[in-house]
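Okay, so here's the structure we're looking at.
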Amino acid sequence: MANVTFSGPGMPRDCTVYAVAGDTSTILALAKRHEIPIPFQCQDGECGACLIKVTPLGDKKPMAVGLTEKEKLTLSVNGKLSKDALYEAETNDVPPAYRLACQYIVRDEDVLVEFSGEPGVE
Ligand code: FES
């Protein structure tokens with residue numbers, strides 16, 4: 001089971017929700033289920049509206065990165081994934097700071113998810 005803590009405007013305070021082990025929902029789906037107001041539009045990795053900043057919590061080594069091709073492209077075009085960060089993600093499993101909530105699959109890892117409330121702005 002993973003704790004996912006959401007932090008952003010429109011919320012009276014940070015909100016931690018529990019993702020059940022084996023849940024393969026996206027962060028966006030989890031947020032919608034709990035009425036967390038992460039902006040979104042296409043829900044398909046193309047618009048960048050659901051940009052989030054993800055920080056692993058706890059002492060465990062961050063889990064391997066699973067960026068979709070659409071996520072790589074959209075984050076790169078929006079200046080949120082440098083070539084160095086992409087290399088580190090693909091080669092050394094170093095998670096990039098910025099992700100798309102509609103592409104990021106919940107994993108068995110505690111994370112802080114921050115969003116600005118403005119589409120495409122973390
Ligand atoms: Fe469009 Fe996530 S909602 S990229």
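Just so you know, ligand 1 is whichever comes first in the structure, and atom 1 is the first atom listed for that ligand. From a predicted model like this one, the values you see are computed outputs, not experimental measurements.
Judged purely by distance below 3.5 Å, without hydrogens or angles, the side chains of Ser7 and Glu114 never pair a donor atom with an acceptor atom. Between the side chains of Lys32 and Gln43, a donor-acceptor pair is found at a separation under 3.5 Å.
Excluding waters, the set of protein N, O or S atoms lying under 2.8 Å from atom 1 (Fe) of ligand 1 comprises Cys42 SG, Cys47 SG.
In this structure, the side chains of Lys53 and Phe115 stay at 4.5 Å or more apart for every pair of heavy atoms. Within the 4.5 Å cutoff, the side chain of Ile52 has heavy atoms near those of the Ile38 side chain. With contacts defined as side-chain heavy-atom distances shorter than 4.5 Å, the pair Leu51/Tyr98 qualifies.
Grouping Ile, Leu, Val, Met, Phe, Trp and Tyr residues whose side-chain heavy atoms lie under 4.5 Å apart, directly or via other members, places Leu73 in a hydrophobic cluster with Val77.
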